[in-house]
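Report on the following structure.
Computed from a predicted structure; not experimentally measured.
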Amino acid sequence: MNTAIIPQTYQEWHHCITVICQQPLTLSYVEERIIALNSSKDYMTKKFVQLYGESQRQKTLQWFEQAKNELK
């Protein structure tokens, strides 16, 4: 697995989402992703874990939770 492009910090992740992917971090988007990342039945979550591992899923979930708290 090439980890060079995988964000390791909240700031790197935030940059990837909002600048590179140009995905606005709206409250509804963040909440949808939190629900999906908490679901072991979600197809994209299964693929995410296969590609990046459980540890990265947990980090990403924490970053979405942090983003949610910043939006409140």
Side-chain angles (χ1 to χ4, degrees):
M1 172 170 39
N2 180 356
T3 60
I5 60 170
I6 299 172
Q8 297 301 311
T9 66
Y10 177 76
Q11 290 76 21
E12 291 173 355
W13 170 82
H14 192 278
H15 178 81
C16 285
I17 296 287
T18 61
V19 176
I20 297 171
C21 297
Q22 298 183 349
Q23 171 62 53
L25 283 176
T26 64
L27 185 57
S28 63
Y29 174 76
V30 169
E31 288 177 336
E32 287 174 16
R33 295 308 307 144
I34 290 171
I35 290 169
L37 285 167
N38 275 315
S39 173
S40 61
K41 295 180 180 178
D42 184 90
Y43 176 78
M44 292 306 293
T45 298
K46 289 179 185 177
K47 288 298 194 185
F48 184 97
V49 172
Q50 287 175 350
L51 289 171
Y52 306 112
E54 176 59 21
S55 175
Q56 191 65 32
R57 184 196 68 83
Q58 291 177 10
K59 284 183 193 174
T60 304
L61 186 55
Q62 289 174 345
W63 295 331
F64 272 111
E65 291 284 357
Q66 184 174 343
K68 180 179 176 181
N69 288 333
E70 290 176 358
L71 291 168
K72 289 182 176 179

Just verifying a value: how many Å separate [X] [atom1] and [Y] [atom2], rounded to the nearest 0.5 Å?
{"X": "Ile17", "Y": "Arg33", "atom1": "CD1", "atom2": "CZ", "answer": "8.5 Å"}
{"X": "Thr60", "Y": "Tyr52", "atom1": "OG1", "atom2": "OH", "answer": "9.5 Å"}
{"X": "Gln66", "Y": "Leu71", "atom1": "CD", "atom2": "CG", "answer": "11.0 Å"}
{"X": "Gln23", "Y": "Cys16", "atom1": "CD", "atom2": "SG", "answer": "13.0 Å"}
{"X": "Lys68", "Y": "Glu65", "atom1": "NZ", "atom2": "CD", "answer": "6.0 Å"}
{"X": "Leu37", "Y": "Gln62", "atom1": "CG", "atom2": "CD", "answer": "11.5 Å"}

Worked verdict on Gln11 versus Trp63 for side-chain contact (heavy atoms from CB on, under 4.5 Å): CA-CA 9 Å; Gln11 290 76 21; Trp63 295 331; over 6 Å; no
Is a side-chain donor-acceptor pair under 3.5 Å present for Glu54 with Gln58?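 Side chains of Gln58 and Glu54: pair found under 3.5 Å.
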For the residue pair Thr45 / Asp42, report whether a side-chain donor-acceptor contact shorter than 3.5 Å exists. yes
Indicate, with yes or no, if Met44 and Leu61 share a hydrophobic cluster defined by side-chain heavy-atom contacts under 4.5 Å among Ile, Leu, Val, Met, Phe, Trp and Tyr.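 Leu61 does not cluster with Met44.
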Say whether Val49 and Ile6 are linked into one hydrophobic cluster, either directly or through other cluster members, by side-chain heavy-atom distances under 4.5 angstrom.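 No.
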Intermediate values then yes/no, side-chain contact (heavy atoms from CB on, under 4.5 Å), Phe64 and Tyr29: CA-CA 10 Å; Phe64 272 111; Tyr29 174 76; 3.9 Å; yes
Pair Lys59-Trp13, side-chain contact (heavy atoms from CB on, under 4.5 Å): steps then yes or no: CA-CA 10 Å; Lys59 284 183 193 174; Trp13 170 82; over 6 Å; no
Hey, is the main chain of Gln8 close enough, under 3.5 Å, to the side chain of Glu12 for a donor-acceptor pair?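 Checked: pair present.
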Is a side-chain donor or acceptor of Thr18 paired with a backbone partner of His14 at a separation under 3.5 angstrom? yes
Flag the pair Arg57 / Asn38 as yes when at least one side-chain heavy-atom distance between them is below 4.5 Å, and no otherwise. yes
